[in-house]
There are 2 protein chains.
Amino acid sequence: MSASPELDAYDRAILAILQRDNTTPQRVIGERVNLSAPAVQRRIRRMEETGVIRANVALVDPARVGHPITIFVEVEVESERAELIDAAKRGFAAVPEVQQCYYVTGEADFILVVTVASMADYEALTRRLFFADNNVKRFRTFVAMDRVKVGLEVSLA
Amino acid sequence: MSASPELDAYDRAILAILQRDNTTPQRVIGERVNLSAPAVQRRIRRMEETGVIRANVALVDPARVGHPITIFVEVEVESERAELIDAAKRGFAAVPEVQQCYYVTGEADFILVVTVASMADYEALTRRLFFADNNVKRFRTFVAMDRVKVGLEVSLA
DNA sequence: GGTGAAATTTAGAACCC
DNA sequence: GGGTTCTAAATTTCACC
């Protein structure tokens, strides 16, 4: 997945369609962007191989699979020693309830997005994840009341 | 998309596969979960109709489409009057750089995930989005240094 | 990048547990 | 109600121009 830099207008148009529905037939995509189906296919294939398209996935509604609550958590650590940070990354990433985890600059060190079945579950999770970890200095909780805009990897302009 | 009741172990197993790669042929899925392809197909169809599967999409790498920088933003508003909150929701959701937007409880009112081409672009965005909005009291910026775990809608245990 | 045909997959109907 | 087998339609895939 090395060089494949420039995406032209065709690629962008194709991506915009696939980001909304990647089951759209190549023939239909071709009609919309004025290309033949095989041409569309070659471009998709290339973008997959070069990593522009990271994955093709089904998006599952958290509430429908037992995770009705979404919570943002800011985590501040005691020490930013590389080994400890790496350990924290691995630890957070391994937790199923942790849907997203970013290592950030600013007033916090990590931002997590977790989904849980109940606040009791969240409370239990914080105990396992934060209170049991000596390197966690502090964390702040933000419970989502409304999922105004949900994340794909990136939405194109 | 009314009642959709309980997902059994087959449904969960199918979802787990589709969340990693929804181009997996139904025949292959059937082999892995010990079901015939049509049975798999009916279950997928039903989960799509009932909203368990929200969408089938291609995940695009932000860095490869000109958005190498990911930033979390906590936004605090002056007034939480319903009209103002709704206006803010609509405003945030309409901005392409805003990949995710949640209305939350806690020390902030909104949490945004934005992706931009450069810090200059982010600075320009903050001007448009926050400084120009009288109802924004304060915002805090967290620049992502490492995308430890990236978000799908939800990852199953 | 386009056109064609082959191979695979998906969609549907009839049948059985 | 759900699963299986079979058939038909659509799509993906690969030749070649």
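As the structure is a prediction and not an experimental result, all values here were calculated from the model. Order of the sequence lines sets the chain letters (A, B, ...), proteins ahead of strands, with each chain counted from 1.
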Does this structure show an ion pair linking B/D109 with B/K137, if we count only N-O contacts that are shorter than 4.0 Å? no
Can you check whether B/Q26 has a side-chain N or O nearer than 4.0 Å to OP1 or OP2 of C/dT9? no
Could you check how far OH of B/Y10 sits from C1' of D/dG1, rounded to whole Å? 14 Å
At 4.0 Å (heavy atoms only), tell me whether B/Q41 reaches a base, stays on the sugar-phosphate, or touches nothing. base
If you look at every strand shown and take non-hydrogen atoms under 4.0 Å, does B/R42 touch a base, only sugar-phosphate, or nothing? base
Choosing from D/dG2, D/dC14, C/dG1, which nucleotide comes nearest the side chain of A/P38? D/dC14
Provide, to the nearest angstrom, the distance between the CD1 atom belonging to A/I44 and the P atom belonging to D/dT12. 8 Å
Any link between A/M145 and B/V98 through a network of hydrophobic side chains (Ile, Leu, Val, Met, Phe, Trp, Tyr) touching at under 4.5 Å? yes
Give B/R45 one of three labels, base, sugar-phosphate or nothing, depending on what nucleic acid heavy atoms sit under 4.0 Å from its own. sugar-phosphate
Between P of D/dG2 and CZ of B/R43, the distance in whole Å: 8 Å
Following the transitive rule for hydrophobic clusters with a side-chain heavy-atom cut-off under 4.5 Å over Ile, Leu, Val, Met, Phe, Trp and Tyr, establish whether B/V136 and B/L84 coincide in one cluster. no
When you compare the side chain of B/E6 with that of B/D11, does any pair of heavy atoms fall below 4.5 Å? no
Between C1' on C/dT10 and CG on B/N22, what's the gap in Å once rounded to a whole number? 14 Å
Taking the side chain of B/R27 as heavy atoms from C-beta outward, which of C/dG2, C/dT9, D/dG2 is closest to it? C/dT9
